[in-house]
Amino acid sequence: MSSNESRYETFTLERATPTIGAFIHGLDLRDEITPQCQTELRTAFLEHEVLFLRDQHLEPEDQLRFAKVFGDPQEVSAFFPSLPGNPFIEVLESRGRAAGTDVWHSDLTWQATPNSATCLHAQDIPPCGGDTLWSSMTAAYDALPETMKNLIDGLEAVHDWEKELTGVVRQGEDAEARYEETRRKYPPMTHPVVRKHPETGRRLVYVNELFTSRISGVPPQLSDSLRNMLTGLAKTPEYQVRFRWEPNSLVIWDNRSTQHYAVGDYHPHYRRMHRVTLRGDRPA
């Protein structure tokens, strides 16, 4: 198959790397997304894990309609503000120093049902810097030796938000009450170390540096060694794609099978994004 894959009829697809990521050309998401186009977008999404679309001059309703092609949007979490009048779109603002985003991670793995996908639309972009990288945890698992696969298949890991997000939760009025409420609502959560993708059936490594605190059921020293080795897989360049944002760029990625890293090199410049997250299921 060439870099421009001809099997899609409603758009042109261009691979970003041989492993992960693809650019979608020829769509204006302000227009109706036909049933055939929806099917082809979902196929491309599951195969390439991250889809990039540039020059999408969208209203929030357009972004939300596009996101619904891939799943059911969920209301904004307690950690970021929502767009006024739209509880399904988060507003992410930063000057290059957002807590935890410059660490390899999957979103919300400390929840019982982490989101399945994330759709990000660029509003204000710094003059340079602020790239985002994604890494395929499917490719990472596939490349492991069989002995390592046999060791980690069936293990579970604990995911916890407190280490990285306590400072965010404790901001503003009633900070302590908000912190205690969040602790009660989101206790540490256990997920499999190797997850089976619910749609493709492919296995993938499901631990990340930001939220995975330990491997369950093994001695502490082995837990630390396994955690460090497995979380380090995301840093392998051969599993990665890097994207340079432009105003009106739109990206959607599979939060189940990828990790991402937002480069925080643009301080003191300002960046603002609109984010839609899609409901997921319990990792298995």
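- Phe23 has its side chain out of reach of Leu51: every pair of non-hydrogen atoms, C-beta onward, lies at least 4.5 Å apart.
- The closest side-chain heavy-atom distance from Phe52 to Val241 is below 4.5 Å.
- Nearest heavy-atom pair, Gln259 versus Ser106, reported as atom, atom and distance to 0.1 Å: CG-OG, 3.5 Å.
- Ring pair His159/His191: centre-to-centre distance below 6.0 Å.
- Considering all non-hydrogen atoms of both residues, Ala112 and Pro283 come closest at O-CD, 3.5 Å.
- Remark: Asp131 does not engage Arg271 in a salt bridge, criterion side-chain N to carboxylate O under 4.0 Å.
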Handout entry: Evaluation steps, side chain to side chain donor-acceptor pair (under 3.5 Å), between His121 and Asp62
Key = CA-CA 11 Å; His121 187 224; Asp62 300 320; over 6 Å; no
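- Heavy atoms only, all atoms of each residue included: Ser136 and Ile20 are closest at N-CD1, 3.7 Å.
- Of the listed residues (Arg203, Arg202, Lys149), just one forms a side chain to side chain donor-acceptor pair (under 3.5 Å) with Asp142, and that residue is Arg202.
- Here the shortest heavy-atom pairing between Leu27 and Ile24 reads CD1-CG2, 3.8 Å.
- Looking at heavy atoms from C-beta onward, Ile89 lies out of side-chain contact with Arg275 at the 4.5 angstrom threshold.
- For His260 and Trp104, the ring centers sit 6.0 Å or farther from each other.
- Here the side chains of Ile33 and Phe66 are in contact, with some heavy-atom distance below 4.5 Å.
- A salt bridge links Glu47 with Arg15: the distance from a Lys NZ or Arg NE/NH1/NH2 to an Asp or Glu carboxylate oxygen falls below 4.0 Å.
- Scanning all heavy atoms of the two residues, the minimum distance from Tyr206 to Pro114 falls at OH-CG, 3.4 Å.
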Problem - Worked verdict on Ser116 versus Arg256 for side chain to side chain donor-acceptor pair (under 3.5 Å) - result: CA-CA 6 Å; Ser116 62; Arg256 300 160 295 192; 4.8 Å; no
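- Although no hydrogens or angles enter the test, the distance criterion places a donor-acceptor pair under 3.5 Å between the side chain of Gln63 and the main chain of His274.
- Side-chain contact between Ser94 and Tyr266: present, with at least one pair of heavy atoms (C-beta onward) separated by less than 4.5 Å.
- Around the CZ atom of Arg244, the shell of radius 6.0 Å holds no more than 12 heavy atoms that belong to other residues, nucleotides or ligands.
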Problem - Test side chain to side chain contact (heavy atoms under 4.5 Å, CB included) applied to Val251 and Trp134, step by step - result: CA-CA 11 Å; Val251 179; Trp134 288 265; 3.7 Å; yes
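- Side-chain atoms of Asp265 never come within 3.5 Å of backbone atoms of Gly129 as a donor-acceptor pair (strictly under, hydrogens ignored).
- The side-chain heavy atoms of Ile252 and Thr118, taken from C-beta on, include no pair separated by under 4.5 Å.
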